[in-house]
Amino acid sequence: MTARPELPKTYDPAEVEPRLYATWLAARVFHEDPDPARPPFIISMPPPNITGNAHLGHGSTYTTMDVLTRYHRMLGENADWIPGQDHAAIATEAVLVRELAKEGRTRDELGRAKFIELAWQWREQYGGAINESFKRLGFGPDWERERFTMDPGLSAAVIKVFVDLYDDGLIYRGTRLVNWDPVAQSTLSDAEVEDEERDTFLWHIRYLAEDGGEGLVIATTRPETYLADVAVAVHPDDARYAHLIGKNVVLPIVGRAIPVIADDAVDPEFGTGAVKVTPAHDQTDYEIGQRHELPMPTVIDFDGRVTAPLWRYDERPERRAPIDAQAAKMAAYAGLDRFHARKRIVDDLRALGALVDEKPYRTKLPLSSRSHAVIEPLLSLQWWVKTKPLAEPALTAYRDGRVRFVPERFGRTYAAMLENIRDWNISRQVWWGHQLPVWYTPNDDVVVADSEDEAKRIARERYGTDDLRRDSDTLDTWFSSGLWPFSILGWPEKTPELLHWYPNQVMITGREIIFLWVARMMMLGLRFAGGIPFETVFIAPLVFDVHGRKMSKSLGNAIDPMTDLVPKYGADGTRFGILRQMRLESQELRFDERYCDEAKRFATKLWNALRYTCSLPEDLPGANVLPPREKLTVADKWIITELRACVEAVTRAYDGFQFGVAADTLLQFGWYTFCDWYVEATKAPGQQETRAAVLSFVLNAFVRAMHPIAPFVTEEIWQTLPHDGATIVTASWPDVAEIPSFPDDAAVFGAVIEKVDQLRNARSEWGIAPKDWMRVEIPASLEPERDVVEAIATLARAQIAPYDGGDGSVRDRILAVRGVADNAKLRERYARDIARLESEVARSQKKLANESFVAKASADVVAAERAKLDDYSRELERARGALAALAS
RNA sequence: GGGCGCGUAGCUCAGUGGGAGAGCAUCCGCUUCACACGCGGGGGGUCGUUGGUUCAAUCCCAACCGUGCCCACCA
């Protein structure tokens, strides 16, 4: 006799979820050690920034990781999901600088050592906040393996990779045009720059010819940089300017003469077809400058202010060489912020008559993805990774099919990005991060080593000095993230974890960081860890609001799962509701909260199915035991067959990253198939012998199939039912081999459903109150099928009386069941049925009469059509007969 | 300029080369002994437009229109 707990009427996630999570942690269910006896399944959690909060993107992306890990664990694999966090150099430093500013302090007066200390304190205090959210959402990564990108082990891996790449000639130091963030006071890689459309002007400015001629008019969005112009470029074939090529024009106000040159990069159609060339402050101009060997004077400093005089870049500020050309005439702009300078210069040019036109113009501004400041392209001496030799193997791995993307098309995005890769600027001028393992002698000889002692040894040997200063720069955050799939497994040590769990099976992330992160893990994994870092990259859709807008605080449409969803719908409702909206081919997920509400009600519905099961007087047998087959009713066989189909569909869906399909399938089966039909059918008298066992069997398998998506309610139900094992987390995935299938009986029950639908519809139309029994006549020949008759009686709430007649298959006899009403209403009903059936028969006949259909369509399609016609015809006969009988 | 996604019921979205679907919303009826976070029933769509392939197109192909995203040095 199974214990029969008193179950509360309503399922309460707020009580259940934290309680169950605590038991899971106590039982260490999420922890795994490498076990070569089982297939590995490992996912590296994309490390959230220590400054981050859980947002809806985590709700979708991270939930899919939790689902897959839980699913593969249930399949018996050696499944682990390794969590961690990213030090997020620039983002964290920005937060700290803001905090300091509130106290009226600055980073520089605090000093590097104290600042780093403060950052560590901050990380200890706030860095783990997101983990608490993850736990509340039910995520089950292996917390005992949590890593941080600045852990000693991971930092050592970073240093080793840097030193090795340097020794292999793949890291170099060079002066290039960089993306400078004047707010963060650091460079950014191209990938960290975002474009944003802004309204501005296209200013047309006349540069007079040196000989006093009218010269030409250039068009620019950045008039303030004209001070550092070194040339004007026109297209070589542009007849309008051919006479000026090789001659000089004169910059207004400052009066400096610069040459007119010809370059293919100029589009003669755009603007005036004449481009000012400022190599130190524009990427295209920089390239033109290189081609024509132009000087590259700088006029905007690292703080975004105009300088006068111009200066020639050098990494040591004290060695900057001033260029005195017309410095006095620029003095009025010296020290002005670049945007103020723009306004002043435009005004002055206008006053001078040099401003020819001022056209409203919409352009894309480069913004820092970290500080949102407008990026200033600047010349700077930085450290770079030579990417082409790394990109080649990463492309080959993709083209060979060693790495696949889901959906496939993102592979093409990945490949296109790697094909056009440019060198990677990895040095950052922030303090929080991995400091470059680079030292300089007083003569600026460079020493790269994995420790200061080693650096000194090398310096003594090569340069006869150990008077070294360390480069103050730190590494791009993505440099350490790029090592993540193997650094967290203990690389470069050959740990059991690395040997068994590398490569990872799946990497799940968003399409916005395919290049930023995925490509770098590929490049660095292939070079350092001996192979691809993961076999499959699943790109989860981005989350938007219900109208397709990006969620943002300023728009007021941002949804915080922790405050807006979990309290209302529970973690299960939140997870299930989000996943239900995920579709493989869609790039966006328009989040609609109603799905979470539905999911929460679904949990309650299942809970009540459990209450019903537990309230039955019959005994519940042990876990996963079905009654002998000969005792099973048609309804039993139907639900077991449906369960099997459900498990198969859900398995396929998880295997194919079709999380929305999995959730749909579970909802459909759990609510409609199981609760609305089977549970109701068990109330028939003939069901009592088998129903408790079948309900328990089906629920048990069903909650296991649903557990990866909704871990809590499924655990609570599973624990209440007879079960094997301590927790559903480590229970086994439902084995379809142990779920029998009865297609013929299932089809019979399908006919019962069809008939009951008809009878319910008739009841409604005939105005029979739900509480009243409906009178139904069944053919006498159906009477021996007791469970069918009882099912119809119970589901349609029908009072059964026999009539003489009925033949053919069980299905035919079920369809011959008829409701009883007054003649007028019955006639109406039959007339409508006849009309519907006649049109179906006509459609089918027309199709079969079409010779080319019969000749060219496949045989089974034609056969199926014939069977349909046959069915419809017989139903039509029956309806006509019934109508005739009434009339007589 | 290249690449990609999406246009199906009022809303958000499934789906299929052969009789148009779900949830929500709406309307009607029910405190039916698991559940009113529920149950039963109904109304509502020429599947973006125009062509093509096919015996057959909402589905495959082309063009177009609308919409969103990604990449690229248009000043």
Side-chain angles (χ1 to χ4, degrees), chain A residues 7 9-11 195 202-203 218-222 225 233 265-267 269-278 282-288 361 363-364 377 407 409-410 412-413 416-417 420 511-512 514-515 541-542 544 546-550 569 573 580-581 583 585-595 597-598 600-616 660-661 664 667-668 671-672 675-676 679-680 683 757 760-765 767-772 796-797 839-840 843-844 847 850-858 861-862 864-865 868 872:
Chain A
L7 301 178
K9 191 166 171 180
T10 306
Y11 173 74
D195 288 334
L202 194 57
W203 287 279
I218 58 94
T220 182
T221 54
R222 298 213 51 198
T225 62
V266 180
D267 175 5
E269 304 294 315
F270 186 87
T272 62
V275 188
K276 65 193 269 307
V277 180
T278 324
D282 181 277
Q283 184 64 39
T284 312
D285 294 4
Y286 177 75
E287 286 162 18
I288 294 175
Y361 184 62
T363 191
K364 282 178 190 159
R409 59 195 149 83
F410 290 113
R412 295 193 288 276
T413 306
M417 287 172 163
N420 299 313
R511 74 181 119 92
E512 75 279 11
I514 288 176
F515 180 72
L542 296 180
F544 294 87
V546 81
H547 304 293
R549 297 175 305 179
K550 252 190 177 141
Y569 310 114
R580 205 159 119 57
Q581 299 174 70
R583 295 298 152 185
E585 285 306 318
S586 185
Q587 293 184 349
E588 59 183 57
L589 187 165
R590 297 192 176 191
F591 180 75
D592 191 334
E593 202 172 320
R594 287 181 301 197
Y595 287 97
D597 184 59
E598 176 192 56
K600 182 206 163 211
R601 288 184 287 109
F602 181 37
T604 305
K605 186 76 182 170
L606 292 173
W607 180 251
N608 277 288
L610 173 73
R611 285 182 66 227
Y612 171 76
T613 303
C614 292
S615 73
L616 295 174
V661 173
D664 271 352
L667 184 82
Q668 192 67 35
W671 201 320
Y672 302 101
C675 288
D676 286 351
V679 171
E680 289 309 313
K683 294 172 184 173
D757 273 340
R760 284 173 174 172
N761 172 274
R763 169 198 282 278
S764 182
E765 285 181 12
I768 301 171
K771 63 174 185 243
D772 291 330
R797 204 175 162 74
S839 86
E840 292 291 358
R843 185 192 55 76
S844 198
K847 201 165 191 175
N850 182 342
E851 280 172 30
S852 41
F853 169 70
V854 179
K856 296 186 184 174
S858 74
V861 168
V862 176
E865 195 58 43
K868 261 192 275 183
Y872 287 133

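Chain A is the first sequence line, chain B the second, and so forth, proteins listed ahead of strands; every chain is numbered from 1.
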With heavy-atom distances below 4.5 Å as the criterion, would you say the side chains of Tyr11(A) and Arg611(A) are in contact? no
Look at all strands and tell whether Asp757(A) reaches a base, only sugar-phosphate, or nothing, counting heavy atoms closer than 4.0 Å. sugar-phosphate
Is there a donor on the side chain of Lys9(A) or the base of C35(B) sitting less than 3.5 Å from an acceptor on the other? no
When you measure from the side chain of Arg763(A) to the backbone of Ala796(A), do you find a donor-acceptor pair of N or O atoms at a distance under 3.5 Å? yes
Interatomic distance at P, G52(B) relative to U58(B), whole Å: 14 Å
Do the side chains of Glu840(A) and Arg843(A) get close enough for a salt bridge, i.e. N-O under 4.0 angstrom? yes
Donor-acceptor contact present, side-chain Asn608(A) to main-chain Thr604(A), <3.5 Å: yes
Identify whether any heavy atom of Thr221(A) sits under 4.0 Å from a base atom; if not, whether one sits that close to sugar-phosphate; answer base, sugar-phosphate or nothing. sugar-phosphate
Step by step, work out the side chain to side chain contact (heavy atoms under 4.5 Å, CB included) result for Leu542(A) and Glu512(A). CA-CA 9 Å; Leu542(A) 296 180; Glu512(A) 75 279 11; 3.3 Å; yes
Sticking with atom C1', work out how far C70(B) lies from A62(B), rounded to a whole angstrom. 25 Å
Rounding to the closest angstrom, what is the interatomic distance between G51(B) and C13(B) at atom P? 30 Å
Would you call the rings of Phe602(A) and Trp671(A) parallel, tilted or perpendicular, where under 30° means parallel and over 60° means perpendicular? parallel
Rounded interatomic separation in angstrom, taking CD from Glu680(A) and P from C35(B): 11 Å
Tell me whether the side-chain N/O atoms of Thr10(A) come closer than 4.0 Å to OP1 or OP2 in C35(B). no
Asp282(A) side chain near Lys276(A) side chain, heavy-atom distance below 4.5 Å: no
Closest-nucleotide ordering on RNA chain B, the 5'-leading residue of Glu598(A) and Ala609(A): Glu598(A)
Residues Thr278(A), Arg222(A); criterion side chain to side chain contact (heavy atoms under 4.5 Å, CB included); working and verdict: CA-CA 10 Å; Thr278(A) 324; Arg222(A) 298 213 51 198; over 6 Å; no
When all nucleic acid strands are considered with a 4.0 Å heavy-atom cut-off, which category describes Asp267(A): base, sugar-phosphate, or nothing? base
Closest to the 5' end of RNA chain B, once Thr363(A) and Thr413(A) are matched to their nearest nucleotides, is Thr413(A)
For A9(B) and A20(B), measure between their C1' atoms and round to the nearest Å. 10 Å
Could you check if a side-chain atom of Arg583(A) sits within less than 4.5 angstrom of a side-chain atom of Val661(A), using non-hydrogen atoms only? yes
Roughly, in whole Å, what's the span from CG in Leu606(A) to P in C37(B)? 17 Å
Please give, in whole Å, the distance from G38(B) C1' to Asp597(A) CG? 13 Å
Which listed nucleotide (C70(B), U12(B), G38(B)) is nearest to the side chain of Lys605(A)? G38(B)
So do Thr220(A) and Leu202(A) actually touch side chain to side chain, heavy atoms under 4.5 Å? no
Nearest-angstrom distance from the residue atom CZ of Phe410(A) to P of C69(B): 14 Å
Taking only N and O in the side chain of Asn761(A), is any of them less than 4.0 Å away from OP1 or OP2 of G42(B)? yes
If I pick the C1' atom on C61(B) and the same atom on G2(B), what distance separates them, to the nearest angstrom? 22 Å
Answer with base, sugar-phosphate or nothing: what part of the nucleic acid does Arg594(A) contact at a heavy-atom distance below 4.0 Å? base
So what does Tyr672(A) hit on the nucleic acid, given a heavy-atom distance under 4.0 Å: a base, only sugar-phosphate, or nothing? sugar-phosphate
Can you tell me if the side-chain N/O atoms of Trp671(A) get under 4.0 Å from OP1 or OP2 in C39(B)? yes
Give a yes or no on whether the backbone of Ala609(A) and the side-chain of Thr613(A) come within a donor-acceptor separation of less than 3.5 Å. yes
Closest to the Asn850(A) side chain, choosing from C70(B), C55(B), C39(B): C55(B)
Quick note, Val679(A) side chain, CB onward, closest among A34(B), C39(B), C73(B) is A34(B)
Heavy atoms under 4.0 Å, any strand shown: does Glu840(A) hit a base, just sugar-phosphate, or nothing? base
For nucleotides 27-32 of chain B, 5' to 3', base contacts (B), sugar-phosphate-only contacts (S) and non-contacts (-) with protein non-hydrogen atoms under 4.0 Å give ---S-B
How far does the C1' atom of U26(B) sit from the matching atom of G44(B), given to the nearest Å? 9 Å
Does any donor-acceptor pair link the side chain of Lys683(A) with the base of A34(B) at a separation under 3.5 Å? yes
Would you measure the distance from the C1' atom in C11(B) across to the matching atom in G45(B) and give it in whole Å? 14 Å
Side chain of Lys364(A) only, please: which of A75(B), A72(B), G40(B) is the nearest? A72(B)
Does a side-chain N or O of Tyr361(A) approach OP1 or OP2 of A75(B) to a distance below 4.0 Å, or not? yes
Donor-acceptor check, side chain of Gln283(A) to backbone of Pro377(A), threshold 3.5 angstrom: yes or no? no
Atom C1', compared across C39(B) and G48(B): separation rounded to whole Å: 38 Å
Stem list for RNA chain B, please, built from Watson-Crick and G-U wobble pairs under 3.5 Å and keeping only runs of at least 3. B:1-7 with B:65-71, B:10-13 with B:21-24, B:26-30 with B:38-42, B:48-52 with B:60-64
Distances under 3.5 Å between nitrogen or oxygen atoms of protein and nucleotides 13-18 of chain B:
from: G18(B); atom 1: O2'; to: Lys847(A); atom 2: NZ; distance (Å): 3.1

Evaluate Val861(A) against Phe853(A) for side chain to side chain contact (heavy atoms under 4.5 Å, CB included), listing each step before the verdict. CA-CA 10 Å; Val861(A) 168; Phe853(A) 169 70; 4.1 Å; yes
With sugar-phosphate meaning primed atoms plus P, OP1 and OP2, does Val854(A) contact a base, only sugar-phosphate, or nothing at under 4.0 Å between heavy atoms? nothing
For Arg511(A), answer base if it contacts any base atom (sugar-phosphate contacts may also be present), sugar-phosphate if it contacts only those atoms, and nothing otherwise; contact means non-hydrogen atoms under 4.0 Å. sugar-phosphate
Tell me, with the steps shown, if Glu588(A) and Arg511(A) meet salt bridge (Lys or Arg N to Asp or Glu O under 4.0 Å). CA-CA 11 Å; Glu588(A) 59 183 57; Arg511(A) 74 181 119 92; 5.9 Å; no
Between CZ of Phe270(A) and C1' of A75(B) the distance, given in whole Å, is 6 Å
CD1 of Ile288(A) versus P of A75(B): gap in Å, rounded? 13 Å
At 4.0 Å (heavy atoms only), tell me whether Asp285(A) reaches a base, stays on the sugar-phosphate, or touches nothing. nothing
Scan Gly573(A) against the nucleic acid and name what it touches under 4.0 Å (heavy atoms): base, sugar-phosphate only, or nothing. nothing
For Arg601(A) and G23(B), give me the distance from atom CZ to atom P, rounded to whole Å. 10 Å
What is the separation between atom CZ on Arg760(A) and atom P on G41(B), rounded to the nearest whole Å? 6 Å
Heavy-atom side-chain contact between Glu865(A) and Ser844(A) under 4.5 Å: yes
